[in-house]
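In each ligand, atom 1 is the first atom listed, and ligand 1 is the first ligand listed. Sequence positions, counted from 1, serve as the residue numbers for this chain.
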Amino acid sequence: MHSEYIDSLILRLCKQPRTFEFISKSLNGLDPIQLKEAIDRLEKKETLHKRDDMWSVNEKRKPLTLNLHSDDPQLYLKKYMGYFDFLKMPHPLDFEWRNSTASLNYLINEVQEMNSVNDRILFLGMPTLFATACIKDIPQKVTLVERNKPIVRGLAKLNADKERFQILEADIFKVAPKEIGKYYSVIMDPPWYSPHFYQFMWLAAQCVEVGGVIGISLPPINTRPDIDKERIDWFTFCQKHGLCLENLYAQRLHYAMPFFEFNAFRAAGIKDILPFWRKGDLALFRKVHTDKHERPLLDEHKIEWTEKEIDTVRIRVKDEKSSDNEEFKITHLIKGDILPTVSTRDKRRDEANVWTSGNRIYKVSNPKIFLQLLNDLENEKPKTKEQKLVADFINSTTELEKKEYNNYLDWLYHEMERQTD
Ligand SMILES: C[S@@+](CC[C@H](N)C(=O)[O-])C[C@H]1O[C@@H](n2cnc3c(N)ncnc32)[C@H](O)[C@@H]1O
């Protein structure tokens, strides 16, 4: 056996730490004595090193992780995570958990199975599934309803057949069903809260044909207290709208951990976690009859935020009134600034009026002035005391978040490698 060949096999396996047992098991009957010789040789050449009884390629000699500024920084993300290359980094206020590539492939196959070529398909809040449908160029007509502007702009870059793949930029809570039309199947992934469930399901029930199917991702049973009751209420709502639960697949859908959740977990002291730890249950409902009901009332106290993107960091500023007389200041709400949770039940959320894509929260005395100061930064060097304060704040925040994002990419890389064995 040529040593160059054996070495290449070992190095490929050891892109992540591997035990001798693992390497030996993966080498198609290679004599373990020959394997040990090869490992010793590679260790001597400092190509491999051993730590905690595991072998891995020497990262100092050949960096494995990707530099954000390299030509194709998203190489690994592309393989496992839905469209991180052309969709903007998710912001925590959008509850945007994207499915893993494996789940998107699973879903698009299901969609193909359940629809004939002439059927029309509706996706509600499923931008990455829409991207998958476009890229796979599936034969059916597909419409996506999505209100998130940066997402819609990202999807427009796909260059898909505009006749077959249509995006309706609209609010699912408000859009008239007539504007959307009728479909044989609706696939959707609302944020996992009751008001969203009722609004999405109501719209889907209006738009699906009798005999058609609605697929929805649901929070699994340990997601939060009272989910058992919530789920029964949801199924009752569906039944009232002529929808019969036909299949329920526990934990069938996988989500890729977004950067803001990575930061939240790190801030909470959780490091040993997998990128695809979050799962969703897939429920399929069949529309068995038409039962008209008014759109559920939305007691959503709508809070508007304005977004400013600076040096890849997305900064949201709450549109709220404040006194112009008070001296401008930025208040830190928590030690380290990163909110150590993504749960909406956390009360500290209410105080924040500035929120970054890395899950940092702050309170500024006057959001309008803060936005103005952010705009000033783009056009002039900071001169006033307030401008200098905001410039320093932005510099340190963006520096930290860029570094953390690189750590996130590093971590993803290693964890995704670990999961592929
Ligand atoms: C939980 S995410 C699901 C993302 C999905 N798993 C994917 O990978 O494409 C929910 C999606 O619904 C969208 N959304 C939430 N509320 C909406 C509304 N009222 N109108 C339109 N879209 C909405 C969000 O922008 C987001 O894209």
**Prompt:** Which word best sums up how the rings of Phe262 and Trp411 line up, parallel for under 30°, tilted for 30 to 60°, or perpendicular for over 60°?
**Reply:** tilted
**Item:** Side-chain donor-acceptor contact under 3.5 Å, Asp319 with Thr306
**Value:** yes
**Asked** Can Arg147 be said to sit on top of Phe173's aromatic six-ring, NZ or CZ under 6.0 Å from centre and within 45° of the ring axis?
**Response** yes
**Asked** Any idea which protein heavy atom is nearest atom 27 (O) of ligand 1, and the distance to it?
**Response** Glu146 OE1, 2.8 Å
**Sequence neighbours excluded, every pair satisfying side-chain hydrogen bond (donor to acceptor under 3.5 Å, both in side chains) that has a member inside residues 263-274** = Asn263-Glu404
**Asked** For ligand 1, which part of Ser217 has a heavy atom less than 4.0 Å away: the side chain, the backbone, both, or neither?
**Response** neither
**Asked** With a 4.0 Å cut-off on heavy atoms, is Asn99 touching ligand 1?
**Response** yes
**Asked** What pair of heavy atoms forms the shortest contact from Tyr184 to Asn115, and how long is it?
**Response** CD2-OD1, 3.2 Å
**Request:** Considering only NZ, NE, NH1 and NH2 on the basic side and carboxylate oxygens on the acidic side, decide whether Asp376 and Lys383 come within less than 4.0 Å.
**Result:** no
**Nearest-neighbour protein heavy atom for atom 17 (C) of ligand 1, which is reported as residue plus atom name and distance** = Arg147 NE, 3.5 Å
**Prompt:** Do Lys149 and Glu307 meet the salt-bridge criterion of a basic N to acidic O distance under 4.0 Å?
**Reply:** no
**Complete:** So the atoms of ligand 1 within less than 4.0 Å of a heavy atom of Phe95 turn out to be 1 (C), 2 (S)
**Prompt:** When you check the gap from the basic side-chain N to the acidic O, do Glu327 and Lys385 get nearer than 4.0 Å?
**Reply:** yes
**Prompt:** Taking the side chain from Trp202 and the backbone from His293, do they hold a donor-acceptor pair closer than 3.5 Å?
**Reply:** yes
**Prompt:** Which residue holds the protein heavy atom closest to atom 10 (C) of ligand 1, what is that atom called, and what is the gap in Å?
**Reply:** Asp189 O, 3.2 Å
**Asked** Which atoms of ligand 1 have any heavy atom of Thr128 under 4.0 Å away?
**Response** 7 (C), 8 (O), 9 (O)
**Message:** Counting non-hydrogen protein atoms only, what is the nearest one to atom 14 (N) of ligand 1? Give residue, atom name and distance.
**Reply:** Phe200 CZ, 4.0 Å
**Request:** Consider every N or O of Pro190 and every N or O of ligand 1, then say whether any pair is closer than 3.5 Å.
**Result:** no
**Message:** Side chain or backbone, does Trp97 bring an N or O within less than 3.5 Å of an N or O on ligand 1?
**Reply:** yes
**Prompt:** Got the closest protein heavy atom to atom 11 (C) of ligand 1, with its distance?
**Reply:** Gly125 O, 3.4 Å
**Message:** I need the atoms of ligand 1 closer than 4.0 Å to a non-hydrogen atom of Ala170, numbered in the order shown.
**Reply:** 20 (N), 21 (C)
**Atoms in ligand 1 flagged as close to Pro127, the criterion being non-hydrogen separation under 4.0 Å** = 9 (O), 27 (O)
**Asked** What protein heavy atom sits nearest atom 20 (N) of ligand 1, and how far away is it?
**Response** Ile172 N, 2.9 Å
**Request:** Output yes when Asp53 and Lys50 qualify as a salt bridge under the 4.0 Å nitrogen-oxygen rule, no when they do not.
**Result:** yes
**Request:** Please identify each residue that fulfils salt bridge (Lys or Arg N to Asp or Glu O under 4.0 Å) with Asp392, with sequence neighbours left out.
**Result:** none
**Item:** Subset of ligand 1 atoms that lie under 4.0 Å from at least one heavy atom of Met126
**Value:** 9 (O)
**Message:** Under 4.0 Å from a heavy atom of Asn148: which atoms of ligand 1 are those, numbered in the order shown and with their elements?
**Reply:** 25 (O)
**Complete:** Checking heavy atoms under 4.0 Å, the part of Tyr255 that sits near ligand 1 is side chain
**Message:** Could you identify the single nearest non-hydrogen protein atom to atom 19 (N) of ligand 1 and state the distance to 0.1 Å?
**Reply:** Asp171 OD1, 2.7 Å
**Asked** Do any nitrogen or oxygen atoms of Asp94 come within less than 3.5 Å of a nitrogen or oxygen of ligand 1?
**Response** no
